[in-house]
Number of protein chains: 2
Amino acid sequence: MSRLDRTLIADLAPFQGMDAADLDTMLGQARSMRVVKETSIFEQEAEAHAFFLLLDGHVRVVKTTPDGQQVIVRYISPGELLGIARALGRTTYPATAVAAVDCVILSWPSRLWSEFAAAFPSFGANTYKAVGARLQDAHARVIEMSTEQVDRRVAHALLKLVQQTGKKTDDGLLIDFPLSRQDIADMTGTTLHTVSRLMTAWEERGLVKSGRQKVTVVQPHKLLLLAEGQADK
Amino acid sequence: MSRLDRTLIADLAPFQGMDAADLDTMLGQARSMRVVKETSIFEQEAEAHAFFLLLDGHVRVVKTTPDGQQVIVRYISPGELLGIARALGRTTYPATAVAAVDCVILSWPSRLWSEFAAAFPSFGANTYKAVGARLQDAHARVIEMSTEQVDRRVAHALLKLVQQTGKKTDDGLLIDFPLSRQDIADMTGTTLHTVSRLMTAWEERGLVKSGRQKVTVVQPHKLLLLAEGQADK
DNA sequence: GATAAACGTTGCGAGAACGCAAACAAAGCC
DNA sequence: GGCTTTGTTTGCGTTCTCGCAACGTTTATC
(Lines give C-alpha, C1' and ligand atoms only; values in the text may rest on other atoms or scores of the structure.)
Protein backbone atom coordinates (compact mmCIF):
# COMPACT_ATOMS: atom_id res chain seq x y z
CA MET A 1 0.00 0.00 0.00
CA SER A 2 1.50 3.24 -1.13
CA ARG A 3 1.99 5.96 1.40
CA LEU A 4 -0.23 9.03 1.15
CA ASP A 5 1.58 12.29 1.59
CA ARG A 6 -0.03 14.87 3.81
CA THR A 7 0.58 17.65 1.29
CA LEU A 8 -2.19 15.99 -0.69
CA ILE A 9 -4.78 17.33 1.70
CA ALA A 10 -3.12 19.85 3.99
CA ASP A 11 -4.37 22.85 2.03
CA LEU A 12 -7.94 21.66 1.55
CA ALA A 13 -10.81 23.37 3.32
CA PRO A 14 -11.93 20.40 5.46
CA PHE A 15 -8.47 20.10 7.03
CA GLN A 16 -7.69 23.70 7.86
CA GLY A 17 -6.38 24.17 11.37
CA MET A 18 -5.20 20.59 11.76
CA ASP A 19 -1.60 19.84 12.54
CA ALA A 20 0.66 17.50 10.62
CA ALA A 21 0.36 14.58 13.00
CA ASP A 22 -3.42 14.62 12.87
CA LEU A 23 -3.40 14.74 9.11
CA ASP A 24 -1.14 11.71 9.06
CA THR A 25 -3.44 9.90 11.45
CA MET A 26 -6.37 10.49 9.16
CA LEU A 27 -4.44 9.58 6.04
CA GLY A 28 -3.19 6.43 7.70
CA GLN A 29 -6.73 5.14 7.84
CA ALA A 30 -7.76 6.32 4.40
CA ARG A 31 -8.02 4.20 1.33
CA SER A 32 -7.41 5.83 -2.03
CA MET A 33 -9.11 4.67 -5.18
CA ARG A 34 -9.80 5.56 -8.78
CA VAL A 35 -13.37 5.85 -9.97
CA VAL A 36 -14.09 5.41 -13.64
CA LYS A 37 -16.24 7.99 -15.40
CA GLU A 38 -19.98 7.46 -15.01
CA THR A 39 -19.47 4.97 -12.18
CA SER A 40 -21.27 5.58 -8.93
CA ILE A 41 -19.36 6.14 -5.70
CA PHE A 42 -22.39 5.49 -3.53
CA GLU A 43 -26.07 4.95 -4.09
CA GLN A 44 -29.13 6.67 -2.68
CA GLU A 45 -30.72 4.75 0.20
CA ALA A 46 -27.73 2.43 0.57
CA GLU A 47 -26.13 1.91 3.96
CA ALA A 48 -23.59 4.70 4.51
CA HIS A 49 -20.53 2.58 5.21
CA ALA A 50 -17.99 5.21 4.23
CA PHE A 51 -17.39 8.89 3.61
CA PHE A 52 -15.14 10.35 0.94
CA LEU A 53 -12.86 13.12 -0.15
CA LEU A 54 -12.62 14.03 -3.81
CA LEU A 55 -8.98 14.49 -4.75
CA ASP A 56 -9.33 14.86 -8.47
CA GLY A 57 -12.17 14.97 -10.96
CA HIS A 58 -15.80 16.04 -10.72
CA VAL A 59 -18.71 14.27 -9.12
CA ARG A 60 -22.39 14.92 -9.58
CA VAL A 61 -24.81 14.24 -6.76
CA VAL A 62 -28.19 13.06 -7.98
CA LYS A 63 -31.50 12.42 -6.31
CA THR A 64 -34.03 10.23 -8.04
CA THR A 65 -37.73 10.48 -7.28
CA PRO A 66 -39.91 7.39 -6.82
CA ASP A 67 -41.25 7.89 -10.33
CA GLY A 68 -37.80 8.09 -11.84
CA GLN A 69 -37.24 11.79 -12.32
CA GLN A 70 -33.73 12.98 -11.66
CA VAL A 71 -32.53 16.11 -9.96
CA ILE A 72 -28.88 17.06 -9.79
CA VAL A 73 -28.33 18.35 -6.27
CA ARG A 74 -24.85 19.68 -6.93
CA TYR A 75 -21.48 19.12 -8.49
CA ILE A 76 -18.51 18.41 -6.27
CA SER A 77 -15.06 19.76 -7.00
CA PRO A 78 -11.67 18.50 -5.80
CA GLY A 79 -11.04 19.12 -2.12
CA GLU A 80 -14.65 18.63 -1.01
CA LEU A 81 -16.03 15.91 1.21
CA LEU A 82 -18.93 13.78 0.08
CA GLY A 83 -21.07 11.06 1.50
CA ILE A 84 -20.99 12.55 4.97
CA ALA A 85 -24.38 11.10 5.82
CA ARG A 86 -23.27 10.57 9.41
CA ALA A 87 -22.66 14.26 9.89
CA LEU A 88 -26.31 14.78 8.99
CA GLY A 89 -27.47 12.18 11.45
CA ARG A 90 -28.29 9.62 8.79
CA THR A 91 -27.28 6.01 8.33
CA THR A 92 -28.05 5.87 4.62
CA TYR A 93 -26.92 8.07 1.76
CA PRO A 94 -29.53 10.65 0.79
CA ALA A 95 -28.42 10.72 -2.83
CA THR A 96 -26.33 8.97 -5.45
CA ALA A 97 -22.85 10.23 -6.35
CA VAL A 98 -21.61 9.60 -9.87
CA ALA A 99 -18.18 10.41 -11.27
CA ALA A 100 -18.65 12.91 -14.10
CA VAL A 101 -15.10 12.16 -15.24
CA ASP A 102 -12.45 9.72 -14.05
CA CYS A 103 -11.86 10.61 -10.42
CA VAL A 104 -9.46 9.97 -7.58
CA ILE A 105 -10.95 9.78 -4.12
CA LEU A 106 -10.04 8.88 -0.56
CA SER A 107 -12.44 6.94 1.61
CA TRP A 108 -12.82 6.29 5.32
CA PRO A 109 -15.19 3.91 7.08
CA SER A 110 -18.20 5.83 8.44
CA ARG A 111 -17.40 4.44 11.86
CA LEU A 112 -14.42 6.78 12.00
CA TRP A 113 -16.52 9.86 11.42
CA SER A 114 -17.42 10.53 15.01
CA GLU A 115 -13.92 9.63 16.15
CA PHE A 116 -12.39 12.17 13.83
CA ALA A 117 -14.92 14.85 14.71
CA ALA A 118 -14.19 14.35 18.40
CA ALA A 119 -10.42 13.96 18.15
CA PHE A 120 -9.86 16.77 15.67
CA PRO A 121 -12.14 19.67 16.57
CA SER A 122 -11.04 21.72 13.58
CA PHE A 123 -12.09 18.94 11.27
CA GLY A 124 -15.50 18.73 12.90
CA ALA A 125 -15.96 22.47 12.82
CA ASN A 126 -14.89 22.71 9.20
CA THR A 127 -17.32 20.01 8.22
CA TYR A 128 -20.24 21.55 10.05
CA LYS A 129 -19.44 24.83 8.47
CA ALA A 130 -19.58 23.14 5.10
CA VAL A 131 -22.94 21.63 5.99
CA GLY A 132 -24.14 25.09 6.96
CA ALA A 133 -22.97 26.43 3.63
CA ARG A 134 -24.83 23.69 1.83
CA LEU A 135 -27.97 24.48 3.75
CA GLN A 136 -27.78 28.08 2.65
CA ASP A 137 -27.12 26.97 -0.86
CA ALA A 138 -30.17 24.72 -0.79
CA HIS A 139 -32.30 27.54 0.52
CA ALA A 140 -31.02 29.85 -2.17
CA ARG A 141 -32.09 27.27 -4.67
CA VAL A 142 -35.55 26.97 -3.19
CA ILE A 143 -35.90 30.73 -3.49
CA GLU A 144 -34.69 30.62 -7.04
CA MET A 145 -37.06 27.83 -8.01
CA SER A 146 -39.91 29.71 -6.39
CA THR A 147 -39.37 33.13 -7.82
CA GLU A 148 -37.42 32.93 -11.03
CA GLN A 149 -38.23 31.63 -14.44
CA VAL A 150 -36.36 29.07 -16.38
CA ASP A 151 -33.97 31.24 -18.35
CA ARG A 152 -32.63 32.91 -15.23
CA ARG A 153 -32.31 29.64 -13.39
CA VAL A 154 -30.30 28.18 -16.24
CA ALA A 155 -28.13 31.27 -16.42
CA HIS A 156 -27.46 31.06 -12.69
CA ALA A 157 -26.61 27.39 -12.90
CA LEU A 158 -24.10 27.98 -15.69
CA LEU A 159 -22.51 30.86 -13.83
CA LYS A 160 -22.15 28.77 -10.70
CA LEU A 161 -20.48 25.98 -12.63
CA VAL A 162 -18.19 28.44 -14.34
CA GLN A 163 -17.21 29.90 -11.02
CA GLN A 164 -16.58 26.45 -9.64
CA THR A 165 -14.72 24.89 -12.53
CA GLY A 166 -14.30 27.55 -15.18
CA LYS A 167 -11.19 27.08 -17.30
CA LYS A 168 -9.90 29.87 -19.44
CA THR A 169 -9.85 29.17 -23.16
CA ASP A 170 -9.63 31.27 -26.30
CA ASP A 171 -13.40 31.51 -26.47
CA GLY A 172 -14.11 32.22 -22.81
CA LEU A 173 -14.63 30.14 -19.70
CA LEU A 174 -15.12 26.46 -20.34
CA ILE A 175 -16.96 24.26 -17.88
CA ASP A 176 -14.43 21.60 -17.17
CA PHE A 177 -16.42 18.38 -17.48
CA PRO A 178 -18.96 16.82 -19.83
CA LEU A 179 -22.29 18.56 -19.31
CA SER A 180 -25.28 17.64 -21.41
CA ARG A 181 -28.49 19.57 -22.00
CA GLN A 182 -30.22 16.95 -19.91
CA ASP A 183 -27.78 17.57 -17.04
CA ILE A 184 -28.50 21.27 -17.12
CA ALA A 185 -32.21 20.52 -17.19
CA ASP A 186 -31.84 18.25 -14.17
CA MET A 187 -30.07 21.02 -12.29
CA THR A 188 -32.69 23.63 -12.99
CA GLY A 189 -35.96 21.75 -12.98
CA THR A 190 -36.75 22.03 -16.64
CA THR A 191 -36.47 19.89 -19.78
CA LEU A 192 -33.63 19.33 -22.17
CA HIS A 193 -35.75 20.87 -24.90
CA THR A 194 -36.09 24.16 -23.14
CA VAL A 195 -32.39 24.20 -22.30
CA SER A 196 -31.53 23.49 -25.91
CA ARG A 197 -33.69 26.37 -27.09
CA LEU A 198 -32.10 28.72 -24.57
CA MET A 199 -28.60 27.69 -25.52
CA THR A 200 -29.15 28.26 -29.22
CA ALA A 201 -30.71 31.64 -28.49
CA TRP A 202 -27.79 32.61 -26.28
CA GLU A 203 -25.29 31.33 -28.77
CA GLU A 204 -26.80 33.60 -31.42
CA ARG A 205 -26.39 36.53 -29.06
CA GLY A 206 -22.78 35.55 -28.42
CA LEU A 207 -23.22 34.87 -24.71
CA VAL A 208 -22.13 31.26 -24.80
CA LYS A 209 -20.63 28.70 -27.10
CA SER A 210 -21.64 25.13 -26.72
CA GLY A 211 -21.40 21.76 -28.34
CA ARG A 212 -21.96 18.18 -27.42
CA GLN A 213 -21.67 17.95 -23.62
CA LYS A 214 -19.60 21.10 -23.65
CA VAL A 215 -20.40 24.62 -22.58
CA THR A 216 -18.24 27.73 -22.76
CA VAL A 217 -19.43 30.98 -21.32
CA VAL A 218 -18.19 33.73 -23.60
CA GLN A 219 -19.60 36.79 -21.86
CA PRO A 220 -20.09 36.02 -18.17
CA HIS A 221 -21.00 39.60 -17.47
CA LYS A 222 -23.90 39.68 -19.90
CA LEU A 223 -25.07 36.29 -18.71
CA LEU A 224 -25.07 37.63 -15.17
CA LEU A 225 -27.19 40.58 -16.21
CA LEU A 226 -29.65 38.16 -17.72
CA ALA A 227 -29.59 36.00 -14.60
CA GLU A 228 -30.20 38.97 -12.35
CA GLY A 229 -32.97 40.28 -14.49
CA GLN A 230 -31.69 43.63 -15.67
CA ALA A 231 -32.35 41.74 -18.83
CA ASP A 232 -33.08 43.42 -22.08
CA LYS A 233 -34.81 40.19 -22.96
CA MET B 1 -35.98 38.33 37.24
CA SER B 2 -38.12 35.26 37.56
CA ARG B 3 -36.43 31.92 37.80
CA LEU B 4 -36.77 29.59 34.83
CA ASP B 5 -37.50 26.02 35.70
CA ARG B 6 -35.56 23.35 33.93
CA THR B 7 -38.65 21.29 33.25
CA LEU B 8 -39.48 23.97 30.70
CA ILE B 9 -36.85 22.64 28.35
CA ALA B 10 -35.66 19.29 29.66
CA ASP B 11 -37.82 17.28 27.30
CA LEU B 12 -37.13 19.29 24.18
CA ALA B 13 -35.09 17.83 21.34
CA PRO B 14 -32.17 20.29 21.50
CA PHE B 15 -31.49 19.40 25.14
CA GLN B 16 -31.66 15.64 25.06
CA GLY B 17 -28.79 13.97 26.83
CA MET B 18 -27.94 16.97 28.99
CA ASP B 19 -27.95 16.66 32.74
CA ALA B 20 -29.84 18.88 35.15
CA ALA B 21 -26.89 21.03 36.13
CA ASP B 22 -26.06 21.86 32.52
CA LEU B 23 -29.66 22.76 31.79
CA ASP B 24 -29.61 25.14 34.72
CA THR B 25 -26.39 26.67 33.51
CA MET B 26 -27.95 27.37 30.15
CA LEU B 27 -31.17 28.66 31.61
CA GLY B 28 -29.25 30.90 33.98
CA GLN B 29 -27.97 32.84 31.00
CA ALA B 30 -31.19 32.88 29.07
CA ARG B 31 -33.59 35.74 28.80
CA SER B 32 -37.25 35.00 28.30
CA MET B 33 -39.56 37.29 26.41
CA ARG B 34 -42.97 37.59 24.86
CA VAL B 35 -43.26 38.40 21.19
CA VAL B 36 -46.45 39.97 19.93
CA LYS B 37 -48.14 38.49 16.88
CA GLU B 38 -46.71 39.71 13.56
CA THR B 39 -43.65 41.16 15.25
CA SER B 40 -40.24 40.10 14.01
CA ILE B 41 -37.78 38.30 16.25
CA PHE B 42 -34.83 38.98 13.99
CA GLU B 43 -34.33 40.43 10.55
CA GLN B 44 -32.62 39.10 7.48
CA GLU B 45 -29.06 40.47 7.05
CA ALA B 46 -28.97 41.91 10.57
CA GLU B 47 -26.05 41.13 12.85
CA ALA B 48 -26.76 37.82 14.61
CA HIS B 49 -26.43 38.96 18.19
CA ALA B 50 -28.55 36.19 19.68
CA PHE B 51 -30.07 32.78 19.13
CA PHE B 52 -33.47 31.65 20.35
CA LEU B 53 -35.67 28.85 21.53
CA LEU B 54 -39.37 28.91 20.82
CA LEU B 55 -41.28 27.93 23.95
CA ASP B 56 -44.79 28.69 22.81
CA GLY B 57 -46.45 29.88 19.63
CA HIS B 58 -45.55 29.60 15.97
CA VAL B 59 -42.93 31.45 14.00
CA ARG B 60 -42.55 31.77 10.27
CA VAL B 61 -39.14 32.17 8.71
CA VAL B 62 -39.20 34.33 5.62
CA LYS B 63 -36.67 35.21 2.96
CA THR B 64 -37.20 38.27 0.86
CA THR B 65 -35.59 38.63 -2.56
CA PRO B 66 -33.96 41.87 -3.70
CA ASP B 67 -37.04 42.64 -5.75
CA GLY B 68 -39.37 42.14 -2.82
CA GLN B 69 -40.78 38.68 -3.39
CA GLN B 70 -41.28 36.62 -0.27
CA VAL B 71 -40.63 32.96 0.31
CA ILE B 72 -41.59 31.22 3.54
CA VAL B 73 -38.68 28.95 4.35
CA ARG B 74 -40.46 27.11 7.14
CA TYR B 75 -42.66 27.35 10.19
CA ILE B 76 -41.16 26.77 13.60
CA SER B 77 -43.00 24.93 16.36
CA PRO B 78 -42.45 25.06 20.11
CA GLY B 79 -39.26 23.35 21.23
CA GLU B 80 -37.21 24.29 18.19
CA LEU B 81 -34.17 26.54 18.03
CA LEU B 82 -34.07 29.48 15.67
CA GLY B 83 -31.60 32.12 14.66
CA ILE B 84 -28.66 29.77 14.99
CA ALA B 85 -26.69 31.62 12.35
CA ARG B 86 -23.49 30.90 14.22
CA ALA B 87 -23.98 27.18 13.89
CA LEU B 88 -24.02 27.73 10.13
CA GLY B 89 -20.84 29.74 10.18
CA ARG B 90 -22.61 33.05 9.62
CA THR B 91 -22.50 36.34 11.46
CA THR B 92 -25.79 37.66 10.09
CA TYR B 93 -29.25 36.11 10.01
CA PRO B 94 -30.05 34.53 6.68
CA ALA B 95 -33.78 35.21 7.01
CA THR B 96 -36.41 37.10 8.95
CA ALA B 97 -38.40 35.40 11.73
CA VAL B 98 -41.91 36.66 12.42
CA ALA B 99 -44.27 35.54 15.16
CA ALA B 100 -47.36 34.06 13.51
CA VAL B 101 -49.17 34.29 16.84
CA ASP B 102 -48.18 35.69 20.23
CA CYS B 103 -45.08 33.75 21.23
CA VAL B 104 -42.86 33.07 24.19
CA ILE B 105 -39.17 32.64 23.49
CA LEU B 106 -35.86 32.32 25.26
CA SER B 107 -32.79 34.08 23.94
CA TRP B 108 -29.06 33.76 24.48
CA PRO B 109 -26.30 36.03 23.20
CA SER B 110 -24.65 34.50 20.13
CA ARG B 111 -21.33 34.72 21.89
CA LEU B 112 -22.46 31.84 24.09
CA TRP B 113 -23.15 29.57 21.16
CA SER B 114 -19.64 28.17 20.81
CA GLU B 115 -19.27 27.96 24.59
CA PHE B 116 -22.39 25.86 24.89
CA ALA B 117 -21.50 23.65 21.94
CA ALA B 118 -18.10 22.96 23.47
CA ALA B 119 -19.19 22.59 27.09
CA PHE B 120 -22.29 20.48 26.37
CA PRO B 121 -21.46 18.03 23.61
CA SER B 122 -25.01 16.69 23.52
CA PHE B 123 -26.36 20.13 22.85
CA GLY B 124 -23.91 20.63 20.02
CA ALA B 125 -24.65 17.25 18.54
CA ASN B 126 -28.40 17.77 18.79
CA THR B 127 -28.12 21.08 17.04
CA TYR B 128 -25.98 19.78 14.23
CA LYS B 129 -28.38 16.94 13.79
CA ALA B 130 -31.18 19.49 13.47
CA VAL B 131 -29.18 21.39 10.88
CA GLY B 132 -28.70 18.13 9.01
CA ALA B 133 -32.43 17.53 9.10
CA ARG B 134 -33.07 21.01 7.76
CA LEU B 135 -30.63 20.42 4.95
CA GLN B 136 -32.49 17.30 3.94
CA ASP B 137 -35.73 19.14 4.19
CA ALA B 138 -34.43 21.90 1.96
CA HIS B 139 -33.26 19.35 -0.57
CA ALA B 140 -36.61 17.63 -0.52
CA ARG B 141 -38.14 20.97 -1.31
CA VAL B 142 -35.82 21.59 -4.20
CA ILE B 143 -36.80 18.21 -5.62
CA GLU B 144 -40.44 19.03 -5.12
CA MET B 145 -40.16 22.42 -6.78
CA SER B 146 -38.29 20.83 -9.68
CA THR B 147 -40.52 17.89 -10.36
CA GLU B 148 -44.01 18.52 -9.07
CA GLN B 149 -46.74 20.84 -10.15
CA VAL B 150 -48.51 23.36 -8.05
CA ASP B 151 -51.43 21.31 -6.72
CA ARG B 152 -49.15 18.62 -5.34
CA ARG B 153 -46.81 21.13 -3.81
CA VAL B 154 -49.67 22.83 -2.04
CA ALA B 155 -51.04 19.50 -0.87
CA HIS B 156 -47.63 18.56 0.51
CA ALA B 157 -47.28 21.88 2.27
CA LEU B 158 -50.64 21.52 3.97
CA LEU B 159 -49.89 17.97 5.03
CA LYS B 160 -46.60 19.04 6.51
CA LEU B 161 -48.25 21.79 8.50
CA VAL B 162 -50.96 19.44 9.68
CA GLN B 163 -48.36 16.96 10.80
CA GLN B 164 -46.48 19.70 12.61
CA THR B 165 -49.34 21.53 14.24
CA GLY B 166 -52.53 19.65 13.43
CA LYS B 167 -55.18 19.97 16.10
CA LYS B 168 -58.11 17.63 16.17
CA THR B 169 -61.50 19.28 15.72
CA ASP B 170 -64.96 18.09 14.77
CA ASP B 171 -64.25 18.74 11.11
CA GLY B 172 -60.78 17.26 10.93
CA LEU B 173 -57.25 18.48 11.58
CA LEU B 174 -56.95 22.22 12.00
CA ILE B 175 -53.71 24.04 11.29
CA ASP B 176 -53.13 25.80 14.55
CA PHE B 177 -52.25 29.34 13.50
CA PRO B 178 -53.52 31.97 11.08
CA LEU B 179 -52.56 30.93 7.57
CA SER B 180 -53.62 33.02 4.61
CA ARG B 181 -53.79 32.07 0.95
CA GLN B 182 -50.82 34.33 0.40
CA ASP B 183 -48.86 32.47 3.07
CA ILE B 184 -49.51 29.15 1.37
CA ALA B 185 -48.51 30.69 -1.93
CA ASP B 186 -45.25 31.94 -0.41
CA MET B 187 -44.50 28.45 0.86
CA THR B 188 -45.04 26.75 -2.46
CA GLY B 189 -43.84 29.23 -5.02
CA THR B 190 -47.17 30.11 -6.53
CA THR B 191 -49.75 32.90 -6.29
CA LEU B 192 -52.60 33.44 -3.90
CA HIS B 193 -54.99 33.17 -6.82
CA THR B 194 -53.91 29.69 -7.71
CA VAL B 195 -54.05 28.63 -4.07
CA SER B 196 -57.54 30.05 -3.73
CA ARG B 197 -58.72 28.12 -6.77
CA LEU B 198 -57.23 24.92 -5.43
CA MET B 199 -58.77 25.38 -2.03
CA THR B 200 -62.26 25.92 -3.39
CA ALA B 201 -61.90 22.90 -5.64
CA TRP B 202 -60.73 20.77 -2.73
CA GLU B 203 -63.43 22.11 -0.50
CA GLU B 204 -66.03 21.00 -3.04
CA ARG B 205 -64.51 17.53 -2.98
CA GLY B 206 -64.61 17.50 0.79
CA LEU B 207 -60.84 17.24 1.24
CA VAL B 208 -60.42 20.43 3.22
CA LYS B 209 -62.44 23.11 4.91
CA SER B 210 -61.07 26.59 5.01
CA GLY B 211 -61.98 30.10 5.87
CA ARG B 212 -60.25 33.35 6.50
CA GLN B 213 -56.68 32.53 7.53
CA LYS B 214 -57.85 29.13 8.61
CA VAL B 215 -57.38 25.71 7.09
CA THR B 216 -58.73 22.36 8.25
CA VAL B 217 -57.75 19.17 6.51
CA VAL B 218 -60.79 16.93 6.52
CA GLN B 219 -59.46 13.91 4.69
CA PRO B 220 -55.68 13.74 5.10
CA HIS B 221 -55.55 10.39 3.41
CA LYS B 222 -57.15 11.60 0.20
CA LEU B 223 -55.02 14.72 0.24
CA LEU B 224 -51.96 12.53 0.52
CA LEU B 225 -53.05 10.49 -2.45
CA LEU B 226 -53.35 13.69 -4.40
CA ALA B 227 -49.97 14.89 -3.19
CA GLU B 228 -48.30 11.62 -4.14
CA GLY B 229 -49.94 11.57 -7.51
CA GLN B 230 -52.06 8.44 -7.42
CA ALA B 231 -54.48 11.18 -8.18
CA ASP B 232 -57.76 10.58 -9.89
CA LYS B 233 -57.53 14.23 -10.80
C1' DG C 1 -72.67 51.20 13.49
C1' DA C 2 -70.53 53.21 9.56
C1' DT C 3 -66.13 53.11 7.19
C1' DA C 4 -61.88 51.36 6.03
C1' DA C 5 -58.66 47.71 5.62
C1' DA C 6 -57.44 43.04 4.90
C1' DC C 7 -58.47 38.76 2.96
C1' DG C 8 -60.71 35.74 -0.32
C1' DT C 9 -63.12 34.44 -4.78
C1' DT C 10 -63.78 34.20 -9.63
C1' DG C 11 -63.61 35.22 -14.69
C1' DC C 12 -60.85 35.93 -18.58
C1' DG C 13 -56.94 36.32 -21.53
C1' DA C 14 -51.98 35.59 -22.23
C1' DG C 15 -47.68 33.42 -22.16
C1' DA C 16 -44.16 30.38 -20.57
C1' DA C 17 -42.78 25.92 -20.68
C1' DC C 18 -43.88 21.28 -21.58
C1' DG C 19 -44.55 17.05 -24.30
C1' DC C 20 -44.41 14.69 -28.42
C1' DA C 21 -42.36 13.72 -32.68
C1' DA C 22 -39.16 13.80 -36.22
C1' DA C 23 -34.82 14.81 -38.07
C1' DC C 24 -30.01 15.71 -37.55
C1' DA C 25 -25.12 15.26 -35.86
C1' DA C 26 -21.35 13.44 -33.45
C1' DA C 27 -19.01 9.73 -31.11
C1' DG C 28 -18.19 4.88 -30.22
C1' DC C 29 -17.98 0.02 -31.96
C1' DC C 30 -17.08 -3.99 -34.68
C1' DG D 1 -16.05 2.39 -43.16
C1' DG D 2 -20.59 1.35 -42.09
C1' DC D 3 -23.65 0.81 -38.17
C1' DT D 4 -25.41 1.82 -33.71
C1' DT D 5 -25.80 4.72 -29.82
C1' DT D 6 -26.09 8.94 -27.68
C1' DG D 7 -26.83 13.66 -27.65
C1' DT D 8 -28.91 17.88 -29.91
C1' DT D 9 -32.09 20.74 -32.56
C1' DT D 10 -36.49 22.32 -33.96
C1' DG D 11 -41.54 22.62 -35.01
C1' DC D 12 -46.12 22.51 -33.30
C1' DG D 13 -50.00 21.99 -30.38
C1' DT D 14 -51.36 21.88 -25.51
C1' DT D 15 -51.69 22.94 -20.81
C1' DC D 16 -50.74 24.81 -16.65
C1' DT D 17 -50.24 28.78 -14.21
C1' DC D 18 -49.90 33.47 -14.00
C1' DG D 19 -51.49 38.35 -14.09
C1' DC D 20 -54.95 41.54 -14.08
C1' DA D 21 -59.25 43.08 -12.69
C1' DA D 22 -63.42 43.24 -10.45
C1' DC D 23 -66.20 41.93 -6.84
C1' DG D 24 -67.60 39.77 -2.35
C1' DT D 25 -66.78 39.05 2.60
C1' DT D 26 -64.98 39.29 7.07
C1' DT D 27 -62.51 41.79 10.58
C1' DA D 28 -60.74 45.91 12.62
C1' DT D 29 -61.12 50.97 13.76
C1' DC D 30 -62.97 55.01 15.49
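Labels below follow one simple rule: chain letters A, B, ... track the order of the sequence lines, proteins then strands, and each chain is numbered from 1.
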About how many Å separate CG of A/L4 and CD1 of A/I9, when rounded to the nearest 0.5 Å? 8.5 Å

A/T165 side-chain N/O to A/L161 backbone N/O, donor-acceptor pair under 3.5 Å: yes

Working to the nearest 0.5 Å, report the span between OG1 of B/T216 and CG of B/L207. 13.0 Å

A/D186 side-chain N/O to A/D183 backbone N/O, donor-acceptor pair under 3.5 Å: no

Between the SG atom in B/C103 and the CZ atom in B/R34, the distance rounded to the nearest 0.5 Å is 9.5 Å

Polar atom pairs (N or O), protein with nucleotides 23-30 of chain D, under 3.5 Å:
none

SB check B/K63 B/E45 (cutoff 4.0 Å): no

Estimated bend of the helix from C/dG1-D/dC30 to C/dC30-D/dG1 (axis per five terminal pairs, rounded to 10 degrees): 40°

5'-most contact on DNA chain D: A/Q213 or B/E148, nearest heavy atom basis? A/Q213

Here the residues of residues 66-74 of chain B within 4.0 Å heavy-atom distance, strictly under, of DNA chain C are none

Among residues 190-202 of chain B, which contact DNA chain D at a heavy-atom distance under 4.0 Å? B/T190, B/T191, B/H193, B/T194, B/R197

More than 12 heavy atoms from other groups under 6.0 Å of CD on B/Q163: no

A/M145 CE to C/dA17 P, in whole Å, measures 11 Å

Sorted by number, residues from residues 170-188 of chain A placing a heavy atom under 4.0 Å from DNA chain D are A/S180, A/R181

Quick check against the 3.5 Å criterion: does B/R141 have a side-chain atom that pairs as donor or acceptor with the backbone of B/V73? yes

Do side-chain atoms of A/T64 reach the backbone of A/Q70 as a donor and acceptor pair under 3.5 angstrom? no

Atom pair CD (B/E38) and CG (B/D102), whose distance is rounded to the nearest 0.5 Å: 10.0 Å

Could you tell me how far apart A/R153 (CZ) and C/dA16 (P) are, to the nearest whole angstrom? 14 Å

Could you note down all residue pairs passing ring pair (Phe, Tyr, Trp, His ring centres under 6.0 Å) where residues 64-103 of chain A supplies at least one of them, sequence neighbours left out? A/F42-A/Y93, A/Y75-A/F177

So B/E148 and B/H156, side-chain hydrogen bond (donor to acceptor under 3.5 Å, both in side chains) or not? Walk me through it. CA-CA 10 Å; B/E148 269 159 36; B/H156 268 129; 3.3 Å; yes

Is it true that B/E144 and B/K160 have a side-chain N and a carboxylate O under 4.0 angstrom from each other? no

For the backbone of A/S196 and the side chain of A/R181, can you confirm whether one donor and one acceptor N or O come within less than 3.5 Å of each other? no

Is the shortest heavy-atom distance from the side chain of A/T194 to the side chain of A/V154 under 4.5 Å? no

